[in-house]
Amino acid sequence: MAVKPDIEIAREAQKRPITEIGAKLGIPAEQLLPYGHDKAKVSQAFIAGLEGRKSGRLILVTAINPTPAGEGKTTTTVGLGDGLQRIGRKAAICIREASLGPNFGMKGGAAGGGYAQIVPMEEMNLHFTGDFHAITSAHNLLAAMLDNHIYWGNEQQIDLRRVVWRRVVDMNDRALRQVVTSLGGVANGFPRESGFDITVASEVMAILCLAEDLQDLQRRLGDMIVAYRHDRTPVFARDIGADGAMTVLLRDAMQPNLVQTLEHTPAFVHGGPFANIAHGCNSVIATKTALRLADYVVTEAGFGADLGAEKFFDIKCRKAGLHPDCVVLVATVRALKMNGGLERDELGDENVTAVREGCSNLGRHIQNLKSFGVPVVVAINHFTGDTEAEIDAVRAYVAGQGAEAHLCKHWAEGGAGIEGLATRVAEIADADRAQFAPLYPDQMPLWQKIECVAERIYHAHEVTADQRIHEQLAQWEAQGYGHLPVCMAKTQYSFSTDPGLRGAPEGHVVPVREVRLSAGAGFVVAICGEIMTMPGLPRRPAAEKIRLNDAGEVEGLF
């Protein structure tokens, strides 16, 4: 029987008032700041009162490298949360907010799919509670105050050639990657080269997702480096007096958003850094709040495990003191066949050989995840065209890797279709088997950290960079930033920096072409290969098909 389109399923949802969803977690109605009837922010005062509570079990959902065939990581995250609720466990879900850039570009919505969705889906993908707008405004306020400081005498003696703070917009727009500002004469300031990044790559976004509270938020905002003086000393956001006003703009955005799944499982949707150009995890404050309110918290990390999971472990868990209890690695038969060499139009036919070939990508991720000391379970996200022989091939391969695989039908059946995985994940988490440890120690030099990730996670043979990059890293170490983790910005489609190289490539070269210090967020970004911090739109952007129908409903978003 055919399943209805995702948007139709979402519109037919029988949503409960958000106060009822909050009550499931013990959140009093007066501690919810409602945005309509079906979404709300959880108050800072209530969150502060949870300090000292015992934390629940943390389950990470990640995936193999994304392909055009689809993997369904968010769908599995939502389904697993519903499955845990169905088997009688007190569960909550934590995911990221959606960026307008990919929504109107190529990717579409980011709220799950089929009968494993978070609602209200349309609002979540379009503006939601305004968090991204607040982040964009705070980021660009700092840019405006920086240029204004220079215009009115440049008291900090900023070297105009060394202004590093760019502007942001929550849209894919390649024309803004490189711009010249302050043209038009004396009244408009001093012309200089600059550019825009997408909002989800902003350090302000990263800070919001890593800050523990408003005080920590303002401290981190003040620590951001915006420029360098003629003597090469850094100029911080607090040096030009921007941190206080930025915190004011972000006050409401710091409060996590609470919504629900189709099966009324509580879901925190908060923050949204990309995993290919940022650290790819929802906010620490949402995750910790959920852990203090639920017995099991299911969260996700962006794109494949080589990006999202690595950053979840090495940045988020390291910084926030989180200890994951289990990892669920999502794969589909279709995606494995693409990794095995098939093209998209060939995926409909049974091809066990291609599945087995493509399992090399799955196996690499399994072993990488195990290296962090956390138990790994594979979720086979079921598509209706999958055959028993193909599914059995995946199960057999995973067993050979010392793990187990579970067939999951949550897309078509909701929580009922993933109860087996939910039961097993709860058993593993309760067994307290995890011996989590980050990939590298804090004291390892920055360049060695980059090499460590490239060699141990990507299986690269070599990492290359210009001498200026080595000198820049050495300078940051001398300034006291050597203890920071690294955030690798590279393509999500491959273990290498070549998006067309699927499977499990080895012996490739990872070129680092730029490094950026995010002193407030607390990591160093290494930009590898051709990755861009401002994406462009595809030839036929999704926006061309997005419109309102005669009933005033959004069409084409999902």
Practice problem: Take E427 and T423, measure what side chain to side chain donor-acceptor pair (under 3.5 Å) needs, and give me the verdict at the end. | Solution: CA-CA 6 Å; E427 291 172 351; T423 300; over 6 Å; no
Exercise. Could you check if a side-chain atom of L250 sits within less than 4.5 angstrom of a side-chain atom of I207, using non-hydrogen atoms only?
Key: no
Quiz item: Can you tell if the side chain of L407 reaches within under 4.5 Å of the side chain of K409, non-hydrogen atoms only?
Solution: yes
Quiz item: Does CZ in F383 sit with more than 12 non-hydrogen atoms of other residues, nucleotides or ligands closer than 6.0 Å?
Solution: yes
Self-check item: Flag side-chain contact, heavy atom, 4.5 Å: V398 against L329
Solution: no
Quiz item: After noting the C-alpha distance and the side-chain angles of I18 and D38, does the key distance pass the side-chain contact (heavy atoms from CB on, under 4.5 Å) rule?
Solution: CA-CA 5 Å; I18 198 62; D38 53 9; 5.6 Å; no
Exercise. Quick one: pull up OG1 in T533 and CD1 in I198 and give me the separation to the nearest 0.5 Å.
Key: 9.5 Å
Quiz prompt | Any side-chain heavy-atom pair of H382 and I391 under 4.5 Å | solution = yes
Exercise. Give a yes or no on whether E544 atom CD has more than 12 heavy-atom contacts from other residues, nucleotides or ligands under 6.0 Å away.
Key: yes
Quiz item: Near H133 NE2, under 6.0 Å, is it more than 12 heavy atoms from other residues, nucleotides or ligands?
Solution: yes
Exercise. Consider only side-chain N and O atoms of N65 and S494, and report whether a donor and an acceptor are under 3.5 Å apart.
Key: no
Practice problem: Given side chain to side chain donor-acceptor pair (under 3.5 Å), test H410 with T75 step by step and report yes or no. | Solution: CA-CA 8 Å; H410 46 285; T75 304; 5.8 Å; no
Quiz item: Mind checking whether L100 and F132 have side chains closer than 4.5 Å, heavy atoms only?
Solution: no
Quiz prompt | Passing candidate, side-chain contact (heavy atoms from CB on, under 4.5 Å) with R364, options N368, N361, L362 | solution = N368
